[in-house]
Amino acid sequence: MFVHLHNHSNFSFLDSTITVEQLVECASQERMTSVALTDTNGLYAAVAFYKKAREAGLKPILGAELTDPKSTDRALLLAKSYRGYTELSALITRRHLAEDFDLATELQHTSTELIILTDSTALLTALRGRADLYAELILTPPRRSLCRRLYDFACQHQIPLVATNDVHLASPADYDTYRILRAAAERATIHTVDPARLVSPEHFFASPREMARRFRGLTAPLRATLEIAEQCNVALPLGTWKFPPCALPQGETSFSALWKVTFDGLKARYQPLTQEVINRLKHELEIIERLGCCEYFLVVHRIVEEARRRGFFLVGRGSAVNSIVSYSLGLTHVDPLRYNLYFERF
């Protein structure tokens, strides 16, 4: 009668000891039919988790824990569908980039393709009346008084309750390792790290029997985990290229736009322009167009421009660093003609 919906992997950097493989193995050992991955402010391990879970015969539930940068509020978001997954991806991007990001405001504008769990009464109040909203009960000894207040609040406002364990450990035996990770994250030692920055040893991948023992007398929050799991059915279209869309000037194609911006950069890089330089540019652009990568180069160019505007240090790497297109766009700073570099690596 229980599915773990709130689990952190080691992709919640320095905040979990669990690998994706261990998470799937733990769920399999407990004979669960599904399990969620909900790393903090990121979906970094989503694809690897999705593949591993399906290989093990488990239904992967994809989600993330989003934190409010201006408060201690947080919410767990679980995708019902691929549309919900893409919506969550966009929300995480705004969380990282928007200087005025406000979690409550953002959540009020999400669709019903996302299920929201939170233990914040402020967020529950802001979102009250929304479908697929749950009060998240994480019942560990240090949180008993908080859970009592949350339980009373949810009952008073008729908000359904759901049981989770905010998992950061595969087992209690991993707690010392977890403390070391948190000490590193906080630039402290295991003796000086702030206890408020740690979860307790009870935050492990507990068995359904252990969760039933903790929530004895409260079967509805346990049953709610199954109801939520049944609604989450994300199918990722793996194995296909999907480049981010790029806004183009009216009347332009991605190839013509890339040609123009690249040629402008070429004139700045090479004085004077020679036929060899122009031929190399034409050769590369024809291949890039044939491979369907024009928008990809345009998007990366805009990312690099924004990074420079914000004062970030950056350097190009990979197979495209040999490219005169990359050199002309300012993505790299190594002249491929001077050093006789081969674009064909790309």
Side-chain angles (χ1 to χ4, degrees), residues 4-27 35-46 48-49 63-77 92 95-99 101-104 117-124 135-150 162-207 210-211 213-215 312-313:
H4 275 291
L5 298 177
H6 190 169
N7 304 300
H8 295 268
S9 76
N10 55 351
F11 282 82
S12 290
F13 192 54
L14 298 177
D15 198 27
S16 173
T17 65
I18 308 173
T19 64
V20 166
E21 293 78 9
Q22 285 177 317
L23 179 60
V24 171
E25 183 180 354
C26 286
V35 65
L37 177 64
T38 54
D39 282 315
T40 305
N41 298 324
L43 291 164
Y44 312 110
F49 165 72
E65 179 188 292
L66 263 67
T67 60
D68 190 295
K70 301 183 181 70
S71 72
T72 58
D73 292 340
R74 64 180 185 175
L76 201 69
L77 280 74
I92 290 172
R95 168 64 179 80
H96 286 295
L97 295 180
E99 296 178 358
F101 185 89
D102 179 78
L103 184 58
L117 288 61
T118 181
D119 62 357
S120 164
T121 54
L123 290 179
L124 291 170
E136 182 186 13
L137 283 179
I138 307 169
L139 194 53
T140 61
R143 294 175 53 91
R144 287 195 178 277
S145 59
L146 171 62
C147 285
R148 169 52 64 182
R149 293 194 300 271
L150 183 62
V162 63
T164 79
N165 204 37
D166 187 13
V167 173
H168 293 250
L169 316 166
S171 74
D174 298 326
Y175 193 65
D176 285 344
T177 302
Y178 169 78
R179 288 177 63 205
I180 293 172
L181 294 177
R182 294 306 301 147
E186 298 298 320
R187 298 184 180 182
T189 70
I190 59 172
H191 303 293
T192 61
V193 64
D194 184 356
R197 311 297 292 178
L198 304 171
V199 298
S200 64
E202 290 79 16
H203 288 259
F204 66 94
F205 199 93
S207 67
E210 168 64 16
M211 294 301 293
R213 183 192 65 79
R214 294 188 196 180
F215 283 82
F312 295 160
F313 292 105

Worksheet item: Quick one: SG on Cys26 to CD1 on Ile18, what's the gap to the nearest 0.5 Å?
Response: 6.5 Å
Practice prompt. Give a yes-or-no answer on whether the side chains of Thr140 and Arg214 include a donor-acceptor pair shorter than 3.5 Å.
Written response: no
Item to complete: Answer yes when Asp166 and Arg143 have at least one side-chain N-carboxylate O distance shorter than 4.0 Å, and no when they do not.
Response: no
Fill in: Residue pair Leu124 / Leu150, side-chain heavy-atom distance below 4.5 Å
yes
Discussion item. To the nearest 0.5 Å, what is the distance between CD1 on Ile180 and OG1 on Thr17?
Written reply: 11.0 Å
Worksheet item: Ion pair present between Asp15 and Arg182, side-chain N to carboxylate O less than 4.0 angstrom?
Response: yes
Worksheet item: Are Asn10 and Thr19 linked by a side-chain donor-acceptor pair shorter than 3.5 Å?
Response: no
Worksheet item: Can you name the nearest heavy-atom pair linking Asn165 to Phe204, along with the distance?
Response: ND2-O, 2.7 Å
Fill in: Partners meeting ring-ring contact (aromatic ring centres under 6.0 Å, His included) with Phe205 (sequence neighbours left out)
His4
Practice prompt. Flag the pair His8 / Thr40 as yes when at least one side-chain heavy-atom distance between them is below 4.5 Å, and no otherwise.
Written response: yes
Worksheet item: Is there a donor-acceptor contact under 3.5 Å from the side chain of Arg95 to the main chain of Phe101?
Response: no
Worksheet, complete the sentence: d(Thr118 OG1, Glu65 CD) to nearest 0.5 Å is 9.0 Å
Item to complete: Please check if atom CZ in Arg144 has more than 12 non-hydrogen atoms from other residues, nucleotides or ligands closer than 6.0 Å.
Response: yes
Worksheet entry | Point-to-point distance, once rounded to the nearest 0.5 Å, from CD of Glu202 to CD1 of Ile138 | 12.5 Å
Worksheet item: If every non-hydrogen atom of Leu43 is compared with every non-hydrogen atom of Gly63, which pair is closest and at what distance?
Response: CD2-O, 3.4 Å
Fill in: Test item: Glu136 and Leu76 side chains (from C-beta on) under 4.5 Å apart, heavy atoms
yes
Discussion item. To the nearest 0.5 Å, what is the distance between OG on Ser207 and CZ on Arg213?
Written reply: 9.0 Å
Discussion item. Is any side-chain heavy atom of Ile92 closer than 4.5 Å to one of Leu66?
Written reply: yes
Worksheet item: Are side-chain heavy atoms of Asp39 and Tyr44 found at a separation under 4.5 Å?
Response: no
Discussion item. Show the nearest heavy-atom pair for residues Val20 and Ala45, with the distance to one decimal.
Written reply: CG2-CB, 3.7 Å
Discussion item. With a 6.0 Å cut-off (strictly less than), is the heavy-atom count around NE2 of His96, excluding the residue itself, greater than 12?
Written reply: yes
Response to the item:
Of all heavy-atom pairs linking Ser200 and Leu169, the shortest is O-CD1, 4.5 Å
Worksheet item: Which residues pass the ring-ring contact (aromatic ring centres under 6.0 Å, His included) test with Phe215, sequence neighbours left out?
Response: none
Practice prompt. With rounding to the nearest 0.5 Å, note down the distance linking CG in Asp73 to CG in Leu103.
Written response: 7.0 Å
